[in-house]
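The structure under discussion appears below in the form of structure tokens.
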Amino acid sequence: MNEQDSQPTGGEVTHTGEFGKGAVRLDQGHVIGDGGIPARFENPGFRPHPLRGADLDEGAAKRAERIVGGLFLLSILGTLGFIVGYFLIPTESTVFVPGIGRMNAAHLVLGVCMALSLLGIGLGAVQWAKTLMNDHEAVEDRHPQRSADEDRRRFVEILNEGDRESQLSRRPLIKYALGGALGLFAVPVVLPLIGGLGPMPGDDLSVSFWNGEKEEDGSYPNEPLRLMRDPQNTPIKASEVTIGSVFHVMPEGLLDLEEHILEAKAKAAVIVMRLDPDDIKSQKEKDWGHQGIVAYSKICTHVGCPVGLYEQQTHHLLCPCHQSTFDVTQDCKVIFGPAKRPLPQLPITVDDEGYLISKGPFREATGPSFWERGSA
């Protein structure tokens, strides 16, 4: 230890006397105290309790009451705005928001109204508690985990006192405004749940673009459609599909849709491969294909991920999301993973020019299962 260690800079080292007296600076190094701590600390007590404006002036209390009522009224207006916007604003309409860009108008209005509804209730409750409810400080000694019977009775009395101290009986504006805000706030929670349940999807989940456009009588033309490369949107000749090759396919005319292109593509996406016909073990797969060329839905039957990984040596299709594996030689039977159904096969043939076309739509719904799932 050198001189600097024994005598730090900043003045002489002062030893503490009676506990709690004589502060020790951080640059004073090691200081030997007199040891020990007191058996019991002195109760510092409370500072003088400051009174609020509402405690001293009834006019200030009335102003606070109007502020609380106004905040609850803001919540009511936000809830009513949510209800009106939910029914009147088209789901496809958009609006430009500075700093964000274009966004869905319904989402913007519903989000802002929901925020106002929550904000009004929250700020109103805080303002009510901080300005009008009785303001006092209390100390309670520690007690056993189970309260004594007397303490339990006192708890009931405290609840009753709280009911009186909230001044709901004296402040009818707060009582009715809060009741309206809390009562109406349940509507934005329940309304989307009920409104989002209908209408029933009908056959929308069971048919795809391969069925054609729905007729007025509810039927589908099921006309042949060319298989087009995705995303080039060019037709595919059977001679171009060699053994081991893979084509990602969509139906002819899908990109001509004016809206809901991605939804239509999600149900109609197809993957095309060519196998040696002798390797195909399913007769139905051979009959629905063309000289070893087969087409299957690209949408995994587990949760709808794109099945795009093809192993040409084993003829396995792999879903990259959860590793469901389908054997193409066995009509895309599931051989591993969480998927429970084979990939649906698209019947195909060739037209007079040698281009691959569909012989009909999928005979079952593509993608994950749903409770009313049936044949298309």
Side-chain angles (χ1 to χ4, degrees), residues 18-21 23 34-83 110-194:
E18 184 180 351
F19 183 83
K21 299 180 180 180
D34 52 6
I37 61 174
R40 186 177 183 86
F41 289 98
E42 182 181 354
N43 186 353
F46 288 116
R47 296 177 181 176
H49 181 68
L51 296 177
R52 305 164 302 180
D55 298 329
L56 302 173
D57 181 15
E58 181 61 23
K62 285 293 184 182
R63 288 192 297 272
E65 179 183 6
R66 288 193 292 270
I67 292 174
V68 174
L71 290 171
F72 289 151
L73 179 61
L74 176 65
S75 175
I76 294 174
L77 295 177
T79 302
L80 294 177
F82 184 99
I83 299 172
L110 296 183
V112 170
C113 290
M114 175 70 80
L116 291 176
S117 183
L118 281 170
L119 188 66
I121 292 177
L123 292 181
V126 171
Q127 179 71 5
W128 179 14
K130 294 181 74 67
T131 60
L132 290 175
M133 290 186 181
N134 282 4
D135 182 33
H136 57 270
E137 298 169 341
V139 174
E140 181 180 4
D141 293 332
R142 293 181 180 272
H143 53 75
Q145 186 173 3
R146 183 192 182 281
S147 299
D149 293 338
E150 181 180 354
D151 294 334
R152 295 187 176 192
R153 288 191 295 270
R154 176 57 183 158
F155 175 73
V156 176
E157 295 175 1
I158 292 174
L159 290 180
N160 293 331
E161 291 175 4
D163 179 55
R164 292 190 298 270
E165 292 175 356
S166 65
Q167 302 189 29
L168 283 176
S169 58
R170 292 186 56 196
R171 314 291 177 183
L173 175 60
I174 294 179
K175 177 170 64 176
Y176 296 128
L178 175 63
L182 293 178
L184 285 175
F185 182 71
V187 177
V189 178
V190 177
L191 184 61
L193 177 63
I194 298 176

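The structure displayed is predicted, hence computed values, not measured ones.
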Minimum heavy-atom separation for I121 and F72, please, with both atom names.
O-CE2, 3.7 Å

What's the spacing between D163 CG and I158 CD1 if we round to 0.5 Å?
14.0 Å

All heavy atoms of A60 vs all of G53, minimum pair found to be CB-O, 3.6 Å

Between G81 and C113, the two heavy atoms sitting closest are C-SG, 3.6 Å

Is any side-chain heavy atom of D57 closer than 4.5 Å to a side-chain heavy atom of R63?
yes

Are there over 12 heavy-atom neighbours, none belonging to E157, within less than 6.0 Å of that residue's CD?
yes

Within this structure, what is the CD-CD1 distance for the pair E65 and I174, rounded to the nearest 0.5 Å?
5.0 Å

Measure the spacing between OG of S75 and CG of L182 and express it to the nearest 0.5 Å.
7.5 Å

Does E58 come within less than 4.0 Å of R171, counting only side-chain N to carboxylate O?
yes

Is any side-chain N of the basic residue among E150 and R153 closer than 4.0 Å to the acidic one's carboxylate O?
no

Student check: side-chain heavy atoms of R164 and N134 closer than 4.5 Å:
no

Atom CD1 in I67, atom CG in L71: separation rounded to 0.5 Å?
7.5 Å

Taking all non-hydrogen atoms of both residues, which atom of D135 and which atom of P50 are closest, and how far apart?
OD2-O, 4.3 Å

Quick one: CG on L123 to CG on L116, what's the gap to the nearest 0.5 Å?
10.5 Å

Can you name the nearest heavy-atom pair linking T131 to A54, along with the distance?
O-CB, 3.1 Å

Specify the closest pair of heavy atoms between S147 and D151, including all atoms of both residues, with the distance to one decimal.
CB-CB, 3.9 Å

What distance do N160 atom CG and E165 atom CD have between them, rounded to the nearest 0.5 Å?
11.0 Å

